[in-house]
Each structure stands twice: as structure tokens, then as C-alpha cells.
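Reviewing the structure listed below.
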Amino acid sequence: MTAPAPRPHSHPFVPYTPPRLPAAEGLRRGQQLFEHLDGRRSVRFFSSDPVPREAIELAVRTANTAPSGAHQQPWTFIAVQDPDLKHRIRLAAEAEERAFYEREDIPQWHGALSRLETDANKEFLDVVPWIVVAFAQKYRVTDAGRQKHYYVNESVGIACGMFITALHTMGLATLTHTPNPMGFLTTILDRPSSERPYILFPVGYPAADCEVPELTRKPLDEALLWR
């Protein structure tokens, strides 16, 4: 059999030849990954025990493997360990959260959150050893001028999902905290106008007495349809 002729490329390409797993082994690994991730939960009660800087680096390295629109990787992760900076973030986040919980025009939203028993108190932002904030880059500035980024929300969302997966794999816990609005993070963390805060992640080990709501996940027949 004659080998196919090489495709012409205007930019460098390299071969991609990952090992092809037998179907049974692929399914075994998939089942193992599902069982691992099915044990993941969002946490609001954290230990103050230290988390190695290398763990944050590995989680962001993992996030960097995410696919992105035109491979522009439109994200920046800011890791905060300084106690004073974490406290400033807590105070600003709580101010926005109080405004949210005091609103009277969104009863359905408040109702959806009621079973989680969340409130404006974000004490965990002082307790956790790390706060990591993901910023979405709307564009970047190069010598040639402003370069627009494409599919920013989709790209950053996938990267954040892989960041969460990496944390869970290392035995760490987090929470996708999104106070609204989040502009205070741009100011506190001194980020440029080309970026906007996307998700705030408290990162640490669960507290010894940590509890989470008893929830069930969407059944497969609702999440997956066959055609």
C-alpha cells in the first residue's frame, strides 16, 4: 500500500500519533475517570493547611492544555497567597454578594440557591491558602496592534474545567465563585482593560468537618440523547 503524499502546509506541522488503545482498555480508563470525577464536589469549608505552589503550577499547566479558538489561549490565571490581598478580595466580594442577596427582583434565583444554603459571608476567602482568579482575555496587544480573540468564553470555560479536574486529581478542593459584578478583581489584581474576571477559585484542602449539600446529578438519559 502506497503511503499518502504529504499535505502541503503554510505553517509548521508535526505528526500526531497517540497510542491507540484497545476498546476494553479505553472503556476501563473512561470508567475510572468517571468514578474519580463523580466524587468531586464544590466546597465552602476549607482547611488553612498549606498547599504547595507546585500544585497550583500543575493545575494551570493542565488548564493550558485546553483547546481554544484559533489556539489563542485567551486566559490568565492569577494565584494569590498574600493574606492582605486575600482579605481585600473577601471584603469586596462580600459587598457584591450582600447587594445580590438583598435584591428583591430575582426571587427565582434566590430560590434556586436556597438548598445550597449560601449567603454573603465568604470567610473561606481568608482561610484558603490560595485564591486563583481566571481572567478572560478579550484581546491582546502586539507590535502590530490589537488582536481580537475568538470564542473567548468557550475557551476559558474549558480551561477552567480542566483546572478544576487537576485540582481534584491532586486531592484539592475548590469552588467556582462568581460574585457579580467582578470588576473589583481587575482593580485589586491590577489587570489590564483587555481582560475581565471570569471565575474566582478558592483552593485548598477540605476542612476536617466539611459538609456539602446532598445532591444528585442529572441522569444520563437527560444529559445524553441519541439520534
Side-chain angles (χ1 to χ4, degrees), residues 9-14 16 37 40 42-43 51-97 99-100 109 122 124-125 128-170 172-204:
H9 297 295
S10 57
H11 294 85
F13 273 61
V14 295
Y16 178 63
L37 293 179
R40 186 207 58 78
S42 294
V43 163
V51 168
R53 175 181 175 136
E54 290 79 8
I56 304 301
E57 291 177 349
L58 278 171
V60 175
R61 285 181 184 273
T62 302
N64 271 342
T65 70
S68 60
H71 191 60
Q72 292 175 322
Q73 298 181 284
W75 50 72
T76 306
F77 289 83
I78 309 297
V80 180
Q81 189 178 32
D82 179 75
D84 293 336
L85 204 53
K86 288 192 296 180
H87 189 62
R88 287 179 61 194
I89 292 173
R90 174 190 174 180
L91 294 179
E94 287 182 335
E96 297 296 352
E97 292 287 270
F100 167 77
W109 194 348
K122 306 302 172 189
F124 55 78
L125 295 177
V128 287
W130 295 96
I131 293 174
V132 179
V133 183
F135 282 81
Q137 300 172 359
K138 297 174 285 186
Y139 59 88
R140 68 186 180 99
V141 179
T142 67
D143 292 340
R146 181 183 295 190
Q147 178 181 350
K148 176 180 171 62
H149 284 165
Y150 302 97
Y151 299 103
V152 173
N153 284 337
E154 295 86 346
S155 301
V156 181
I158 295 170
C160 285
M162 296 178 73
F163 178 77
I164 293 168
T165 299
L167 294 178
H168 181 65
T169 299
M170 290 185 282
L172 297 166
T174 190
L175 169 73
T176 52
H177 183 43
T178 52
N180 186 24
M182 291 196 289
F184 65 88
L185 291 168
T186 301
T187 302
I188 293 175
L189 298 178
D190 193 26
R191 301 310 302 159
S193 59
S194 59
E195 297 181 354
R196 61 178 176 80
Y198 191 82
I199 295 177
L200 185 160
F201 295 102
V203 178

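Every value quoted in this text rests on a predicted model; they were computed, and no experiment measured them.
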Exercise. Does any non-hydrogen side-chain atom of M162 lie less than 4.5 Å from one of T65?
Worked result: yes
Exercise. Sub-3.5 Å donor-acceptor pair from the side chain of K122 to the main-chain atoms of A92, do we have one?
Worked result: no
Exercise. So, do R140 and T142 sit near enough that their side-chain heavy atoms are less than 4.5 Å apart?
Worked result: yes
For this session: Side-chain contact test, heavy atoms from C-beta onward, threshold under 4.5 Å: evaluate it for T62 versus T165 and give yes or no.
Result: no
Exercise. Can any side-chain N or O of W130 pair as donor or acceptor with the backbone N or O of V51 at less than 3.5 Å?
Worked result: yes
For this session: Test I188 against L85 for side chain to side chain contact (heavy atoms under 4.5 Å, CB included), laying out the working first.
Result: CA-CA 8 Å; I188 293 175; L85 204 53; 3.6 Å; yes
For this session: Could you pull out all residues at least two apart from Y16 that satisfy ring-ring contact (aromatic ring centres under 6.0 Å, His included)?
Result: none
Exercise. Can you tell me if Y198 uses its side chain to pair, donor with acceptor, with the backbone of T178 under 3.5 Å?
Worked result: no
Exercise. Sequence neighbours excluded, which residues qualify as ring-ring contact (aromatic ring centres under 6.0 Å, His included) partners of Y150?
Worked result: none
Problem set entry | Any side-chain heavy-atom pair of F135 and R191 under 4.5 Å | yes
Problem set entry | Min side-chain heavy-atom separation F124-L175 under 4.5 Å | yes
Exercise. More than 12 non-hydrogen atoms from neighbouring residues, nucleotides or ligands closer than 6.0 Å to CZ on F184, yes or no?
Worked result: yes
Exercise. Hey, are the side chains of T174 and V43 touching, using non-hydrogen atoms and a 4.5 Å cut-off?
Worked result: no
Exercise. Can you name the side chain to side chain donor-acceptor pair (under 3.5 Å) partners of T169, sequence neighbours left out?
Worked result: H36
Exercise. Any side-chain heavy-atom pair from P129 and V203 closer than 4.5 angstrom?
Worked result: no
For this session: Output all residues satisfying side chain to side chain donor-acceptor pair (under 3.5 Å) with R53, sequence neighbours left out; order by chain, then residue number.
Result: E57
Problem set entry | Residues that F163 engages under ring-ring contact (aromatic ring centres under 6.0 Å, His included), provided they are two or more places apart | F77, F201
Problem set entry | Side chain proximity check, N180 to E96, heavy atoms < 4.5 angstrom | no
For this session: Evaluate the side chain to side chain contact (heavy atoms under 4.5 Å, CB included) criterion for residues L189 and V133: first the C-alpha distance (whole Å), next the side-chain angles of each, then the deciding distance (0.1 Å), finally the verdict.
Result: CA-CA 9 Å; L189 298 178; V133 183; 3.8 Å; yes
Problem set entry | side chain to side chain donor-acceptor pair (under 3.5 Å) contacts in which one or both residues fall within residues 69-81, not counting sequence neighbours | N64-W75, T76-Q137, T76-E195
Exercise. Ignoring hydrogens and geometry, is there a side-chain-to-backbone donor-acceptor pair from S155 to G69 under 3.5 Å?
Worked result: yes
